Amino acid sequence: MSAIDVMTPSKLKPVPMSQPVELSPKPSLIGLTREEMGAALKEKGVADKQIKMRVSQLWNWIYVRGVSDFDAMANVSKDMREMLKTHFTIARPEIVEEQVSNDGTRKWLLRFPPRGAGRPVEVETVYIPEEGRGTLCISSQVGCSLTCSFCHTGTQRLVRNLTAEEILSQLLLARDRLGDFPDREAPQGTIMPAEGRKVSNIVMMGMGEPLYNFDSVKTALLIASDGDGLSLSKRRITLSTSGVVPEIYRTGDEIGVMLAISLHAVRDDLRDMLVPINKKYPLKELMDACRAYPGLSNARRITFEYVMLKGVNDSLEDAKGLIQLLKGIPAKINLIPFNPWPGTNYQCSDWEQIEKFADFINSAGYASPIRTPRGRDILAACGQLKSESERMRKTERLAFEAMMIANHGED
């Protein structure tokens, strides 16, 4: 099964959720480094000689066993559990809505506390099962500060950054819901990889620009890849950026995960219009940062996302320019058929032209899969993410998101 084969509206199965629980004002232990967790315990009176042992216990229960209730920590004394319950939380975020398709694609709408935003905030997390892997798309911000002209998400203002806890909580919740922790079972009928982890890959491709929230993303991804906890290989974690060049260098040096670039144009004048961050970090600087990314090889490539816009960036001259631009960079190019939204001036490239473009790229030695779901005609007349007057129908939005995140990271 391919992750790009997503759904038609008739396949959508809304899942009724339980009554939301009151959000706890207590600080969470999720998302703290070991040092921060130790300091938090010390502040609450845990003896210095116990700190290392207690942190190790908590780390195992939270990230290996996946518990969300201190009372489940069987080897922690009752007094310690009572202290933890009084001062901290490890609860999951509230699930406002869960959607499930017949092919196994799932989307959760999650609610987090205000934390300076003035009101609770909501983000989406998407899970796509594929043959041999399960990919989770995680958000890093509420809203987006970028204004890419082809993407209507950019019209949603940035509300706030997510904390490391909120980023990690998306992964923990998905593993909860999929039965991906020890002694857990998946909901009946759940579609997932036949062997191994249910969530084997994660991509930072949800709402927001991850590198504009670098510190929280770094903390969350280092915890996600910690060998004594969630233990995801860094080769199975992909961070997608529109091109925040200084933080690309920092990502390679300080995080070391796989990299994806939202490229979409091979000339500065065009990319300035499509991806305005290019005015600050033009293509030469972006490509220099990509070439310098540590550990690149044919087995460890950078993924370049390229949305196909009719008469804008889809000519064979553009394809030639793309090959020239990426010269010397181990790369894979994801070609994404544009999904129009109400009010946009762009159209999707003709399918024949997309195939010609892909063939040209392939013949030059680059993998260039075309990302599109079944029933693509359903998407053509509806909003990409939302419009001022209407939101995209949930099935269509889920299909588009699935198309965007498929097949990132190592198998």
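Small disclaimer: the values here were computed from a predicted structure and weren't measured. Values below: all heavy atoms of this structure, side chains included; hydrogens, waters and symmetry mates excluded.
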Report task. Using the salt bridge (Lys or Arg N to Asp or Glu O under 4.0 Å) rule, take Asp272 and Arg267 through it: C-alpha gap first, then chi angles, then the decisive distance, then the call. Result -> CA-CA 8 Å; Asp272 286 350; Arg267 309 188 317 271; over 6 Å; no
Requested in this report: Using the side-chain hydrogen bond (donor to acceptor under 3.5 Å, both in side chains) rule, take Asn201 and Thr135 through it: C-alpha gap first, then chi angles, then the decisive distance, then the call.
Outcome: CA-CA 5 Å; Asn201 295 59; Thr135 301; 4.9 Å; no
Query raised in the report: Asp268 and Asn278: side-chain hydrogen bond (donor to acceptor under 3.5 Å, both in side chains), yes or no, with the steps?
Result: CA-CA 7 Å; Asp268 279 321; Asn278 193 74; 3.0 Å; yes
Requested in this report: Walk me through it: do Leu296 and Arg301 pass the test side chain to side chain contact (heavy atoms under 4.5 Å, CB included)?
Outcome: CA-CA 6 Å; Leu296 292 182; Arg301 297 171 292 177; over 6 Å; no
Query raised in the report: Are Val121 and Arg111 close enough, and set up right, to give a side chain to side chain contact (heavy atoms under 4.5 Å, CB included), and what steps lead you there?
Result: CA-CA 6 Å; Val121 295; Arg111 181 174 291 151; over 6 Å; no
Requested in this report: Could you go through the side-chain hydrogen bond (donor to acceptor under 3.5 Å, both in side chains) check for Thr241 and Glu247 one step at a time?
Outcome: CA-CA 9 Å; Thr241 177; Glu247 274 63 43; over 6 Å; no
Report task. Check step by step if side chain to side chain contact (heavy atoms under 4.5 Å, CB included) holds for Lys320 and Val266. Result -> CA-CA 9 Å; Lys320 293 176 184 176; Val266 298; over 6 Å; no
Report task. Decide yes or no on salt bridge (Lys or Arg N to Asp or Glu O under 4.0 Å) for Asp314 and Lys310, but give the supporting numbers first. Result -> CA-CA 6 Å; Asp314 63 349; Lys310 185 174 183 178; over 6 Å; no
Query - Phe357/Asn362 under side chain to side chain contact (heavy atoms under 4.5 Å, CB included): CA gap, chis, key distance, verdict - result: CA-CA 9 Å; Phe357 197 101; Asn362 279 316; over 6 Å; no
Query - Working for side-chain hydrogen bond (donor to acceptor under 3.5 Å, both in side chains), residues Gln57 and Trp61 - result: CA-CA 6 Å; Gln57 283 181 319; Trp61 281 112; over 6 Å; no
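Between Asn60 and Asp228, the closest side-chain pair of non-hydrogen atoms is not below 4.5 Å. Gln50 is listed as a side-chain neighbour of Met80, based on a closest heavy-atom distance under 4.5 Å. Using a 4.5 Å heavy-atom threshold, the side chains of Ile223 and Arg34 count as separate. With contacts defined as side-chain heavy-atom distances shorter than 4.5 Å, the pair Leu136/Ile128 does not qualify. The shortest side-chain heavy-atom distance between Phe338 and Gln347 does not fall under the 4.5 Å cut-off. Side-chain contact between Leu286 and Ile261 is present, with heavy atoms from C-beta onward closer than 4.5 Å. Residues Thr219 and Asp215 fail the side-chain proximity criterion, which asks for heavy atoms closer than 4.5 Å. Residues Met83 and Asp79 have side chains not in contact (no heavy-atom distance under 4.5 Å, counting atoms from C-beta outward).
Residue Glu94 holds its CD atom at 12.0 Å from CD of Glu97, rounded to the nearest 0.5 Å. The OG atom of Ser262 sits 4.0 Å away from atom NE2 of His264, with the distance rounded to the nearest 0.5 Å. Separating the CG atom in Leu232 from the CG atom in Asp226 is a distance of 11.0 Å, to the nearest 0.5 Å. Note that CD1 of Ile167 is 9.0 Å distant from CZ of Phe112, once rounded to the nearest 0.5 Å. We find the CZ-CG distance between Arg175 and Leu171 to be 6.5 Å, quoted to the nearest 0.5 Å. Expressed to the nearest 0.5 Å, how far CD1 of Ile302 lies from CG of Leu259 amounts to 5.0 Å.
Surrounding NZ of Lys44 are more than 12 heavy atoms belonging to other residues, nucleotides or ligands, all under 6.0 Å away. In this structure, Lys85 places its NZ atom where more than 12 heavy-atom neighbours from other residues, nucleotides or ligands lie under 6.0 Å away.
Contact record, Leu326 with Arg291: C-NH2, 4.3 Å, taken as the closest heavy-atom pair. Heavy-atom minimum distance, Met205 versus Cys137: C-SG, 3.4 Å. Of all heavy-atom pairs spanning Leu263 and Arg271, the tightest one is O-NE, 2.9 Å. Heavy-atom minimum distance, His87 versus Lys26: O-CB, 3.8 Å. Arg65 approaches Phe181 most closely through the heavy-atom pair O-CB, 3.6 Å. Minimum interatomic distance between Pro330 and Ser297 (heavy atoms only, all atoms of both residues): CB-O, 3.3 Å.
Formation of a donor-acceptor pair under 3.5 Å by the Glu166 side chain with backbone atoms of Thr163 is found in this model. With hydrogens and angles disregarded, a donor-acceptor distance shorter than 3.5 Å links the side chain of Glu209 to the backbone of Leu211. With hydrogens and angles disregarded, no donor-acceptor distance shorter than 3.5 Å links the side chain of Glu124 to the backbone of Leu109. Under the 3.5 Å distance criterion, the side-chain polar atoms of Ser368 are left unmatched by any main-chain donor or acceptor of Ile361. With hydrogens and angles ignored, the 3.5 Å screen pairs a side-chain donor or acceptor of Arg235 with a backbone N or O of Ala299. Side chain of Ser363 to backbone of Phe360: a donor-acceptor contact under 3.5 angstrom is found. Panel note: side chain Arg236, backbone Val257; no donor-acceptor pair is recorded below 3.5 Å. For the pair Asp180 (side chain) and Lys198 (backbone), a donor-acceptor distance under 3.5 Å is present. A donor-acceptor pair under 3.5 Å is formed between the side chain of Asn213 and the backbone N or O of Leu162. With Thr303 contributing its side chain and Ala260 its backbone, the two residues share no donor-acceptor pair below 3.5 Å.
Taking 4.0 Å as the cut-off between side-chain N and carboxylate O, Asp269 and Lys279 do not count as a salt-bridged pair. At a threshold of 4.0 Å, the pair Lys107-Glu98 does not count as salt-bridged, since none of the basic side-chain nitrogens sits closer than that to a carboxylate oxygen. The pair Asp69-Arg81 does not meet the salt-bridge criterion, since no charged nitrogen lies less than 4.0 angstrom from a carboxylate oxygen.
Screening Asp253, Thr251, Ile329 against Tyr293 for a side-chain contact (heavy atoms from CB on, under 4.5 Å) leaves a single residue, Thr251.
Within the cation-pi definition used here (under 6.0 Å to the ring centroid, within 45° of the axis), Arg106 does not qualify as a partner of Tyr127.
Ring centers of Phe88 and Phe70: at least 6.0 Å apart, outside the cut-off.
Taking the salt bridge (Lys or Arg N to Asp or Glu O under 4.0 Å) definition, one finds that Lys52 meets it with nothing, sequence neighbours left out. In this view, Phe304 satisfies the ring-ring contact (aromatic ring centres under 6.0 Å, His included) rule with no residue, not counting sequence neighbours.
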